[in-house]
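Below you'll find the structure, written out as structure tokens, and then a few comments.
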Amino acid sequence: MATLGGKPAIRDHLREAAIVQSRLVMVSFLVLLLTLILVLRLTYLQIYEYDKFLKLANENRVDTHPIAPVRGLIFDRNGHPLAANERAYNLEILPRQVKDMDALIASIAALIDLSEEEIEQFKKLVRHRPSFERQVLKANLSESEAAKYSVHQHELPGSFLVAALQRHYPEGELMGHVLGYVGRINDKDVKKIDKKAYGGTHYIGKLGIEANYESILLGEVGSEDIETNAHGRQVRALTRELPRTGKTLYLSLDTELQRKATSLMQNVEGAAVALDPRTGEVLAFVSVPGYDTNPFVNGISPENYAALRESERRPLINRALNGRYAPGSTIKGFMGLISMKNGIPPSETVFGPGFYRLPNSRHRYRCWKKAGHGHVDLHDSIVQSCDVYFYRNAHRLGIDRLHEGMTEFGFGQKTGIDIPNEPAALMPSRDWKKRVRGQPWYPGETVITGLGQGYMLATPVQLAAATALLANRGKPVVPHFLTAVQDSVNGDLVQVEYDTPEKLDGISDAAYQEVIRAMRDVVHGPRGTARHIGKGLEYEIAGKTGTAQVKSIPQGQKYDKENTPKKYRDHSLFVACAPVEDPKIALAVVVEHGESGSKVAAPIAKEIIDFYLVERLG
């Protein structure tokens with residue numbers, strides 16, 4: 001008992017009871033308040049935040065995966081498959097389910113071969129793509145690799161063996177430069193694509209038809225909700241929205257004509273482009289040598305790519321589209337049309353002594369025939385390919401009228417063909433030289449431009465399109481591959497319509513007929529430069545040979561073929577259309593360093609035309 005001054009203290013029970021009671025009230029109030037707060041919070045979470053937490057719960061339980069659409073197919077004009085889809089096994093990883101990515105990759109690498117390039121490419125994709133999207137670690141596994149992985153798959157959470165469709169090009173090298181290829185989406189692609197549209201898709205068109213018609217071939221992505229357990233393993237599919245398969249393309253190409261043209265040029269470097277002049281449809285589009293695009297689908301090895309890149313034959317260059325060559329004498333028919341348009345009659349003659357001189361100049365612009373052709377008019381100068389006639393006319397016309405006329409025929413202009421990266425090549429002018437070189441234009445440059453030399457450059461597809469215009473007597477066409485598109489769902493086949501350009505003004509039908517007649521005699525006349533290919537034909541060809549210098553020869557020196565390295569030898573060219581009265585094919589052939597156009601390019605062109613008209617059209 002407590003004491004106070006030696007005496008027992010008296011406890012104040014009432015006061016103590018009041019203190020205890022007040023404390024109980026405060027604790028009860030606090031408990032009540034906390035309970036109320038808890039109830040309110042639970043009410044808020046259960047009612048107002050229900051949708052949010054349901055979504056989070058479902059995300060823990062359900063994974064939403066995009067389903068990549070099947071890429072559309074590509075066929076030629078006869079229904080022959082050019083781009084198909086083949087079944088393959090891919091090893092994919094879902095990053096959000098992986099705790100230690102490096103450890104997982106190491107475990108997989110112990111089972112199957114993984115290159116450094118594959119690992120690096122995968123890590124780049126993981127950095128730039130959403131974590132809920134699966135990314136391909138290794139594509140196109142072999143049967144033994146797929147079996148090894150399957151045995152250990154339960155030890156590798158977050159990884160999946162997926163049966164997928166892989167792009168395949170049945171004709172390989174034959175159509176490589178036309179179709180291009182699809183390849184893995186890289187950093188550059190990620191920056192420009194619609195990520196939603198490419199959900200679950202790992203490939204994109206890189207070149208050629210595959211790139212140009214990517215939006216049509218791609219299709220539309222689908223999705224599926226997959227229920228997973230606490231360990232991330234798939235339990236069942238809950239919902240699925242099927243993807244829409246990409247549309248099927250039909251091209252104007254004739255595979256057998258392409259094969260024939262390629263076989264005729266297999267030992268040279270060059271290009272051949274054949275069009276239907278009535279429509280602009282591309283019948284053959286050959287660049288040799290070519291390359292097989294199939295290894296590029298999943299990433300070609302550095303060694304194999306280096307071999308292609310460093311090859312002296314340069315197979316990666318699409319010569320039919322991007323090759324830029326001096327057109328040489330193949331433009332003489334167009335020069336004749338420009339001359340007539342500007343008042344120079346076709347009957348006017350020029351004396352060709354084997355060279356041409358500008359007034360007050362001693363410099364000789366030589367003709368290919370050293371002894372000269374004597375007196376020639378337009379017809380004879382085209383048939384015998386007299387250079388002097390066109391030197392003289394070019395000087396009379398001047399570069400301004402030459403530039404205007406040649407541009408009208410499509411030189412120095414893109415044709416509009418439906419594959420990417422077409423160059424305009426070059427039709428020079430005063431303004432061009434001043435702008436690019438900071439120099440004035442000289443009369444001698446006009447002289448050689450009139451013979452398709454100097455600064456002037458043309459592509460094989462430009463030459464073919466210009467020849468089609470000539471075959472049509474002045475009516476241009478736009479070269480194109482795509483002829484029809486088929487819907488993947490309802491099967492509807494829609495023919496593609498193209499705008500028809502207006503016929504060129506200012507040149508009469510008689511002028512075109514004059515040039516066509518002369519080009520006919522190039523092949524079928526007794527003095528034509530390509531008369532040897534006209535024997536025994538069931539139809540008539542209108543053509544023009546061309547031999548374009550690669551390296552100029554100084555005055556007083558002679559071209560020495562035997563001692564000239566191949567890279568400095570002349571290019572061989574030939575343009576033609578047939579049959580003369582109703583052309584069904586217009587063609588340009590370029591053989592690099594092939595020397596004479598009449599001896600090399602013309603025979604190749606004749607075989608291509610003959611195969612098409614006789615074998616394919618019957």
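Count residues from 1 along the sequence.
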pair [X]-[Y]: side-chain heavy atoms closer than 4.5 Å:
X: Arg473; Y: Pro583; value: yes
X: His403; Y: Pro428; value: no
X: Pro476; Y: Leu504; value: yes
X: Val286; Y: Val288; value: yes
X: His571; Y: Val591; value: no
X: Leu251; Y: Leu482; value: yes
X: Pro289; Y: Arg313; value: yes
X: Glu422; Y: Asn322; value: no

Look only at the side chain of [X] and the backbone of [Y], and say whether a donor-acceptor pair between them is shorter than 3.5 Å.
X: Thr201; Y: Ala68; answer: no
X: His593; Y: Arg569; answer: yes
X: Ser287; Y: Ile317; answer: yes
X: Asp487; Y: Asp492; answer: no
X: Gln258; Y: Leu174; answer: yes
X: Ser252; Y: Glu281; answer: no
X: Thr449; Y: Glu445; answer: yes

Between [X] and [Y], is any side-chain donor less than 3.5 angstrom from a side-chain acceptor?
X: Lys260; Y: Ser263; answer: no
X: Glu171; Y: His80; answer: yes
X: Tyr181; Y: Asn294; answer: no

Measuring from [X]:[atom1] to [Y]:[atom2], what's the distance to the nearest 0.5 Å?
X: Lys606; Y: Leu587; atom1: NZ; atom2: CG; answer: 13.5 Å
X: Phe122; Y: His202; atom1: CZ; atom2: NE2; answer: 10.0 Å
X: Lys124; Y: Ile119; atom1: NZ; atom2: CD1; answer: 13.5 Å
X: Tyr203; Y: Ile185; atom1: OH; atom2: CD1; answer: 10.0 Å
X: Leu426; Y: Gln462; atom1: CG; atom2: CD; answer: 9.5 Å
X: Phe334; Y: Leu402; atom1: CZ; atom2: CG; answer: 14.0 Å

- Task: Among Glu118, Glu92, Glu117, find the one that has a salt bridge (charged side-chain N to carboxylate O under 4.0 Å, His left out) with Lys138.
- Result: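 Exactly one candidate clears the test, Glu118.
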
- Does the side-chain contact (heavy atoms from CB on, under 4.5 Å) test come out yes or no for Arg184 and Leu125, once each step is laid out? CA-CA 10 Å; Arg184 298 280 291 275; Leu125 289 173; 3.9 Å; yes

Neighbour count >12 (heavy atoms, 6.0 Å) for atom [atom1], [X]:
X: Asp194; atom1: CG; value: yes
X: Gln439; atom1: CD; value: yes
X: Lys247; atom1: NZ; value: no
X: Glu256; atom1: CD; value: yes

- Pair Glu408 + Lys341: basic N to acidic O under 4.0 Å: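 Yes, Glu408 and Lys341 are salt-bridged.
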
- Task: Using a strict cut-off of less than 4.0 Å between a Lys/Arg side-chain nitrogen and an Asp/Glu carboxylate oxygen, indicate whether Lys584 and Asp276 qualify as a salt bridge.
- Result: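 Here Lys584 does not pair with Asp276 in a salt bridge, since their nearest N and O are not under 4.0 Å apart.
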
- Message: Over 60° means perpendicular and under 30° means parallel, so tell me whether Trp441 and Tyr455 are parallel, tilted or perpendicular.
- Response: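 Answer is tilted, since the angle falls between 30° and 60°.
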
- Only one of Val478, Val282, Thr459 clears side chain to side chain contact (heavy atoms under 4.5 Å, CB included) with Ile417; which?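 Per the side chain to side chain contact (heavy atoms under 4.5 Å, CB included) rule, the option paired with Ile417 is Val282, out of Val478, Val282, Thr459.
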
- Matching residue for Ile74 among Thr248, Leu253, Leu217 - test: side chain to side chain contact (heavy atoms under 4.5 Å, CB included):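 Result: among Thr248, Leu253, Leu217, Leu217 is the only option passing the side chain to side chain contact (heavy atoms under 4.5 Å, CB included) with Ile74.
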
- Could you check Asn472 against Tyr512 for side-chain hydrogen bond (donor to acceptor under 3.5 Å, both in side chains), going step by step and ending with a plain yes or no? CA-CA 9 Å; Asn472 293 334; Tyr512 283 108; over 6 Å; no

- Message: Apply side-chain contact (heavy atoms from CB on, under 4.5 Å) to residues Asp400 and Arg430 and explain how you reach the verdict.
- Response: CA-CA 7 Å; Asp400 297 330; Arg430 294 179 193 276; 3.1 Å; yes

- Applying the side chain to side chain donor-acceptor pair (under 3.5 Å) test to Tyr250, which of Arg77, Gln486, Gln495 qualifies?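 That would be Gln486.
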
- Message: By the definition side chain to side chain donor-acceptor pair (under 3.5 Å), identify the one residue from Arg71, Gln166, Arg167 that meets it with Asn85.
- Response: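 Answer after filtering Arg71, Gln166, Arg167: Arg167.
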
- Task: May I have the step-by-step check of salt bridge (charged side-chain N to carboxylate O under 4.0 Å, His left out) for Asp582 and Arg278, ending in yes or no?
- Result: CA-CA 9 Å; Asp582 182 22; Arg278 299 166 297 182; 5.3 Å; no

- Can you list every ring-ring contact (aromatic ring centres under 6.0 Å, His included) pair that touches residues 462-490, not counting sequence neighbours?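 Passing the test, one end in residues 462-490: Phe285-Phe481, His480-Tyr498.
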
- Query: Which is it for Leu573 and Val589 under the side-chain contact (heavy atoms from CB on, under 4.5 Å) test, yes or no, and what are the steps along the way?
  - Reply: CA-CA 6 Å; Leu573 302 94; Val589 174; over 6 Å; no

- Full working for salt bridge (charged side-chain N to carboxylate O under 4.0 Å, His left out) between Glu502 and Lys475: CA-CA 6 Å; Glu502 295 293 328; Lys475 193 172 186 304; over 6 Å; no

- So, for Thr330 and Pro327, which heavy atoms are closest and what is the spacing to 0.1 Å?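 That would be OG1-O, 2.7 Å.
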
- Task: Run the numbers on Tyr612 and Glu607 for side-chain hydrogen bond (donor to acceptor under 3.5 Å, both in side chains), then give the verdict.
- Result: CA-CA 9 Å; Tyr612 183 67; Glu607 292 295 328; over 6 Å; no

- Message: Quick one, Asp76 with Thr255, criterion side-chain hydrogen bond (donor to acceptor under 3.5 Å, both in side chains). Give me CA distance, side-chain angles, the key distance, then yes/no.
- Response: CA-CA 7 Å; Asp76 79 348; Thr255 300; 2.7 Å; yes

- Lys196 and Glu220: CA distance, side-chain angles, deciding distance, salt bridge (charged side-chain N to carboxylate O under 4.0 Å, His left out) verdict: CA-CA 10 Å; Lys196 184 177 180 181; Glu220 297 178 12; over 6 Å; no

- Message: With salt bridge (charged side-chain N to carboxylate O under 4.0 Å, His left out) as the criterion, how do Arg314 and Glu592 come out once you've worked through the C-alpha distance, each side chain's angles and the decisive distance to 0.1 Å?
- Response: CA-CA 12 Å; Arg314 300 180 298 169; Glu592 292 180 2; 3.7 Å; yes

